[in-house]
Novice: 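Mind looking over this structure? Questions follow.
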Amino acid sequence: MLMYHKLGPRPARVRIKGLYVSSALFQRQLRELSAAGFHSVPIHELTHCHEPKPKSVVLTFDDGFENVLRYGLEPMRACGFQAIQFLVADLLGKTNEWEQRQGEVAERLMDEPQVREWLAAGHAIGAHTCTHPRLTQIPLKEAQEEIRASKAKLEDRFGVAIRHFCYPFGDYNQAIRDAVLSAGFDTACTTKPGLCRVDGDRLQLRRLTARYASLKWATVGQTLRRWLRR
């Protein structure tokens, strides 16, 4: 599974540089994946199949940034890839308030028509809470409501089943993991690096962040082989 946050030009004032991938690098990564024989699959196909198809990959985007729509749709269409975007349910059409509190520049999130455009292009959506809090740092009942309500609001708004969740900031513990399960989610993505195993916990899925200059085997193969030996 590959994790992206934002695509396109990086603002002059940005602190979390690793969250940005240029549109040129994104297109290069897609071409390299395609040339290597990889194909994208829905998360449930990867996690609920005893024998996933070889070279299956899931492309994931966190937060629902507008620039993903602007710079990502055409390159993914051209390479035949599909992705899932984890949305912050109460901030559609607004900005990245949680990052601005950390000194980041304001950036727009996709609004409802743009999310519908994303869905119409064959991509999926998942839940990323309602307001993007650190779930372990708020009262458990509040965290449970952030999780439950994000699923309900997105389902009501877009008329699609929301089966997949992503922990904001990668912040979770056993109680939060159990709350995600109780809310009816099938899977949940973390920010922990690594590969997803068929026998692994579907509510603690690992991902590879797309910070690499390339996705060629020579670039990330050593890291992947180390994880495979664990």
Side-chain angles (χ1 to χ4, degrees), residues 1-5 40-52 56-65 82-94 96-99 101 109-110 112 115-116 118-119 123-209:
M1 301 180 73
L2 296 172
M3 173 177 60
Y4 293 88
H5 286 258
S40 60
V41 298
I43 292 183
H44 66 268
E45 185 174 320
L46 192 66
T47 57
H48 290 68
C49 180
H50 293 296
E51 296 184 9
S56 296
V57 64
V58 177
L59 301 182
T60 69
F61 289 89
D62 293 0
D63 308 325
F65 283 95
Q82 294 178 321
I84 184 169
Q85 179 85 250
F86 293 104
L87 303 175
V88 185
D90 285 354
L91 298 182
L92 299 184
K94 300 180 182 179
N96 53 334
E97 297 175 2
W98 67 95
E99 288 185 338
R101 289 192 288 269
L109 304 176
M110 288 193 290
E112 183 171 332
V115 174
R116 293 191 184 280
W118 173 265
L119 291 169
H123 302 290
I125 59 174
H128 202 36
T129 69
C130 292
T131 63
H132 205 290
R134 292 184 180 274
L135 291 171
T136 67
Q137 297 182 19
I138 60 177
L140 180 57
K141 287 187 177 180
E142 185 177 333
Q144 292 169 333
E145 181 61 16
E146 282 271 353
I147 295 165
R148 184 206 63 78
S150 64
K151 184 178 193 296
K153 289 179 179 181
L154 292 174
E155 288 180 336
D156 290 345
R157 197 163 187 175
F158 297 105
V160 296
I162 302 298
R163 302 167 57 186
H164 309 292
F165 185 80
C166 180
Y167 301 105
F169 303 102
D171 179 46
Y172 75 101
N173 54 24
Q174 186 63 40
I176 298 301
R177 181 249 181 231
D178 292 346
V180 171
L181 177 64
S182 297
F185 288 99
D186 292 342
T187 72
C189 287
T190 72
T191 56
K192 293 180 179 178
L195 300 177
C196 296
R197 300 178 181 276
V198 173
D199 58 352
D201 187 347
R202 295 172 185 167
L203 297 176
Q204 299 185 71
L205 296 178
R206 293 174 178 262
R207 296 185 287 177
L208 295 177
T209 184

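The shown structure was predicted, so the numbers you read here are calculated from the model rather than taken from an experiment.
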Novice: Say you draw a straight line from CE of Met3 to OG1 of Thr209; how long is it, rounded to the nearest 0.5 Å?
Specialist: 4.0 Å
Novice: Find the distance between OG1 (Thr191) and OH (Tyr167) and round it off to the nearest 0.5 Å.
Specialist: 11.0 Å
Novice: What are the two closest heavy atoms between Val180 and Ala188, and how far apart are they?
Specialist: CG1-CB, 4.1 Å
Novice: Check step by step if side-chain contact (heavy atoms from CB on, under 4.5 Å) holds for Asp62 and Arg207.
Specialist: CA-CA 12 Å; Asp62 293 0; Arg207 296 185 287 177; 2.9 Å; yes
Novice: Excluding sequence neighbours, so at least two apart, what forms ring pair (Phe, Tyr, Trp, His ring centres under 6.0 Å) with Phe185?
Specialist: Phe165
Novice: So, for Ala179 and Ile147, which heavy atoms are closest and what is the spacing to 0.1 Å?
Specialist: CB-CD1, 3.9 Å
Novice: Donor-acceptor check, side chain of Glu146 to backbone of Thr131, threshold 3.5 angstrom: yes or no?
Specialist: yes
Novice: Quick check: closest heavy atoms across Gly64 and Leu87, and the distance to 0.1 Å?
Specialist: CA-CD2, 3.7 Å
Novice: So does Leu203 get a backbone contact from the side chain of Thr187, meaning a donor-acceptor N/O pair under 3.5 Å?
Specialist: no
Novice: Considering residues at least two apart in sequence or located in another chain, which fulfil the ring pair (Phe, Tyr, Trp, His ring centres under 6.0 Å) criterion with Phe86?
Specialist: none
Novice: If only atom types and distance count, is the side chain of Arg206 paired as donor or acceptor with the main-chain N or O of Pro193 below 3.5 Å?
Specialist: yes
Novice: With a 4.5 Å heavy-atom cut-off, do Ile43 and Leu205 have their side chains touching?
Specialist: yes
Novice: Residues two or more places apart in sequence or in another chain: which of them pass ring pair (Phe, Tyr, Trp, His ring centres under 6.0 Å) with His128?
Specialist: His132
Novice: Which residues satisfy the salt bridge (Lys or Arg N to Asp or Glu O under 4.0 Å) test with Asp90, sequence neighbours excluded?
Specialist: Lys153
Novice: Is there side-chain contact between Trp98 and Val88, with heavy atoms separated by less than 4.5 Å?
Specialist: yes
Novice: To the nearest 0.5 Å, how far apart are CH2 in Trp118 and CD1 in Ile125?
Specialist: 10.5 Å
Novice: Give every residue pair that meets the side chain to side chain donor-acceptor pair (under 3.5 Å) criterion with at least one member in residues 133-143, sequence neighbours excluded.
Specialist: Thr136-Asp171
Novice: Does some side-chain heavy atom of Arg157 sit less than 4.5 Å from a side-chain heavy atom of Leu92?
Specialist: yes
Novice: Roughly how far, to the nearest 0.5 Å, is the CD atom of Gln85 from the NE2 atom of His164?
Specialist: 14.0 Å
Novice: side-chain contact (heavy atoms from CB on, under 4.5 Å), that's the test. Do Cys189 and Ile84 meet it? Break it down for me.
Specialist: CA-CA 11 Å; Cys189 287; Ile84 184 169; over 6 Å; no
Novice: Looking at Thr129 and Pro168, what are the two nearest heavy atoms and their distance?
Specialist: CG2-CG, 3.5 Å
Novice: State the OH-NZ distance between Tyr172 and Lys192, to the nearest 0.5 angstrom.
Specialist: 3.0 Å
Novice: How long is the gap from CG on Leu59 to CD on Gln82, to the nearest 0.5 Å?
Specialist: 9.5 Å
Novice: For Ile176 and Ala143, which heavy atoms make the closest approach, and how far apart are they?
Specialist: CD1-CB, 3.7 Å
Novice: Are the side chain of His123 and the backbone N or O of Ala83 linked by a donor-acceptor pair below 3.5 Å?
Specialist: yes
Novice: Check ring pair (Phe, Tyr, Trp, His ring centres under 6.0 Å) between Phe65 and all other residues, then give those that pass, not counting sequence neighbours.
Specialist: none
Novice: Decide yes or no for Glu97 and Leu91: does some side-chain heavy atom of the first lie under 4.5 Å from some side-chain heavy atom of the second?
Specialist: yes
Novice: Which atom names give the shortest non-hydrogen contact between Leu140 and Ala175, and what distance separates them?
Specialist: CD1-CB, 4.1 Å
